[in-house]
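Remarks on the structure that follows.
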Protein chains: 2
Amino acid sequence: GSYGAPAPAAANDPMWGYFTAIAGQDGEVDAEELQRCLTQSGFTGSYSPFSLETCRVMIAMLDRDSTGKMGFNEFKDLFTALNGWKQNFVMFDRDRSGTVEPQEMGQAVYAMGFRIGPQALNVIIKRYSKGGRIYFDDYVACCVRLRALTETFKRRDTMQQGAVSFQYDDFILCTMAI
Amino acid sequence: GSYGAPAPAAANDPMWGYFTAIAGQDGEVDAEELQRCLTQSGFTGSYSPFSLETCRVMIAMLDRDSTGKMGFNEFKDLFTALNGWKQNFVMFDRDRSGTVEPQEMGQAVYAMGFRIGPQALNVIIKRYSKGGRIYFDDYVACCVRLRALTETFKRRDTMQQGAVSFQYDDFILCTMAI
């Protein structure tokens with residue numbers, strides 16, 4: 001979903017053209033439209049285009065009103081995040097193989113400021129590896145979910161105690177969304 | 001991971017042949033091997049083969065020792081679950097389009113005994129739809145995650161109060177795994 005109309009400056013934004021061409025009437029994109037938008041804009045460069053799964057979690061990360069769609073302001077927020085993740089990935093992908101190694105993924109997670117233990121990190125690496133390496137599409141899906149789940153947790157941890165109590169229904173809503 | 005060797009009866013199991021041919025030396029399959037196994041056995045029939053993402057969550061659902069792999073006993077458990085979900089899906093896919101409608105997905109979720117509210121159901125349907133319909137691969141990924149997350153919650157809800165307190169690290173481990 002979207003909050004308010006885009007700022008007038010948006011018209012000068014190179015992404016605005018791609019976005020409006022694909023968003024159509026309602027001014028919002030769903031996961032399939034977002035996938036087309038990111039593919040056509042050439043964002044992934046020499047890496048494989050984003051999978052629908054990764055585009056779905058991108059939408060979910062910023063979909064505050066649970067419409068399953070994304071407005072231009074949310075799209076810009078996404079783009080800022082994507083650029084940061086891409087820079088990190090390129091930095092770690094020294095041999096330009098289009099992949100990073102498990103330990104580099106771990107370094108990236110810690111560099112982004114996520115404070116998780118070795119067991120959680122191990123689980124994440126297993127979940128997002130293919131043939132012992134991590135590809136850009138999976139790397140981004142991982143970053144998106146890690147950020148979204150951390151925000152979900154922090155939003156509920158109002159006393160900042162590092163612990164949150166979830167009702168079953170709320171737990172399923174939060175975790176199945178992303 | 002696996003617990004113990006398969007029962008002697010396993011050798012007579014038609015799945016055993018597919019499994020052992022692919023599992024190789026270590027007697028376990030990772031997500032890519034599982035995908036090959038399910039594709040070669042023709043399990044999905046006229047539906048599209050399972051995506052790697054769906055195979056990854058299948059592994060995660062039964063991966064009690066976090067190895068990112070699955071032994072034959074776990075594979076049989078998976079197969080039992082898959083057959084149940086397939087029967088449900090086929091029942092709801094009356095026009096044999098290979099898809100079910102959002103409200104049918106909701107009926108299926110309730111029929112499986114998951115007690116979630118309309119908002120959580122809406123989020124799930126949005127997350128797993130493509131062009132307003134739900135395909136078999138996404139349907140299974142949804143069932144796998146719903147079952148795994150419900151089990152995660154119940155395992156921690158020892159007093160059966162319907163509420164669980166998570167530390168941040170544990171929350172990330174549980175939710176990022178699946």
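Per chain, numbering begins at 1; letters A, B, ... match sequence-line order.
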Handout entry: Heavy-atom check, side chain of Tyr47(B) versus side chain of Val140(B), under 4.5 Å
Key = no
Practice task
Answer with side chain, backbone, both or neither: which region of Ile116(A) has an atom nearer than 4.5 Å to a non-hydrogen atom of chain B?
Solution key: both
Handout entry: Gln167(B), part contacting chain A, at a heavy-atom distance under 4.5 Å
Key = both
Practice task
Please answer: with hydrophobic residues joined when any side-chain heavy atoms are less than 4.5 Å apart, are Tyr110(B) and Leu173(A) in the same cluster?
Solution key: no
Exercise for the section: Measure the shortest side-chain to side-chain distance between Asn83(B) and Phe43(B) over non-hydrogen atoms and say whether it is less than 4.5 angstrom. Expected result: yes
Exercise for the section: Establish, yes or no, whether a centroid distance under 6.0 Å links the rings of Tyr135(B) and Tyr128(B). Expected result: no
Completion exercise
Highest number of heavy-atom pairs under 4.5 Å with chain A among Arg115(B), Arg56(B), Lys154(B), Gln161(B) belongs to Arg56(B)
Handout entry: Under 4.5 Å from any heavy atom of chain A - which part of Arg145(B)
Key = both
Exercise for the section: Side chain from CB out, backbone as N, CA, C, O: work out which of these in Lys130(A) comes under 4.5 Å of a heavy atom of chain B, or both, or neither. Expected result: both
Handout entry: Steps toward side chain to side chain contact (heavy atoms under 4.5 Å, CB included) verdict (Phe92(B), Glu101(B))
Key = CA-CA 8 Å; Phe92(B) 282 114; Glu101(B) 284 172 42; over 6 Å; no
Exercise for the section: Go through the atoms of Asp169(A) and report whether side chain, backbone, both or neither lie under 4.5 Å from a heavy atom of chain B. Expected result: both
Practice task
Name the option with the most non-hydrogen atom pairs under 4.5 Å to chain A; the candidates are Arg127(B), Glu32(B), Gln119(B).
Solution key: Arg127(B)
Completion exercise
Honestly, the part of Phe171(B) sitting under 4.5 Å from a heavy atom of chain A is side chain
Problem - Residue part contacting chain A, namely of Asp157(B), when any heavy atom lies under 4.5 Å - result: neither
Handout entry: Side chain to side chain, Trp16(B) and Phe75(B), heavy atoms closer than 4.5 Å
Key = no
Exercise for the section: Counting only heavy atoms closer than 4.5 Å, note whether Ser129(B) contacts chain A via side chain, backbone, both or neither. Expected result: backbone
Problem - Proximity breakdown for Cys142(B) and chain A, heavy-atom pairs closer than 4.5 Å - result: both
Completion exercise
Turns out that what part of Ala177(A) lies under 4.5 Å from chain B's heavy atoms comes down to both
Handout entry: Interface residue of largest heavy-atom contact number with chain B, from Asn122(A), Thr152(A), Asp170(A), Leu146(A), under 4.5 Å
Key = Leu146(A)
Practice task
Could you have a look at Leu52(B), Asp30(B), Val57(B), Thr150(B) and say which one has the most heavy-atom pairs with chain A under 4.5 angstrom?
Solution key: Thr150(B)
Exercise for the section: Measure the shortest side-chain to side-chain distance between Tyr18(A) and Leu38(A) over non-hydrogen atoms and say whether it is less than 4.5 angstrom. Expected result: no
Handout entry: Contact summary for Gly98(A) and Phe89(A), nearest pair of heavy atoms
Key = O-CZ, 3.4 Å
Completion exercise
Counting heavy-atom pairs under 4.5 angstrom with chain B, the leader among Ile172(A), Ile59(A), Val164(A) is Val164(A)
Exercise for the section: Would you confirm whether Ser97(B), through its side chain, and Asp93(B), through its main-chain N or O, come within 3.5 Å as a donor-acceptor pair? Expected result: no
Exercise for the section: State yes or no: do Val123(A) and Val29(B) share one hydrophobic cluster built from I, L, V, M, F, W and Y residues joined by side-chain heavy-atom distances below 4.5 Å, directly or via other members? Expected result: no
Fill in the blank from the handout: The interface call for Ile124(B) against chain A, heavy-atom contacts under 4.5 Å, is side chain
Exercise for the section: Could you tell me which of Ser51(B), Ser165(B), Ala31(B) has the largest number of non-hydrogen atom pairs under 4.5 Å with chain A? Expected result: Ser165(B)
Fill in the blank from the handout: d(Leu62(B) CG, Lys76(B) NZ) to nearest 0.5 Å is 14.0 Å
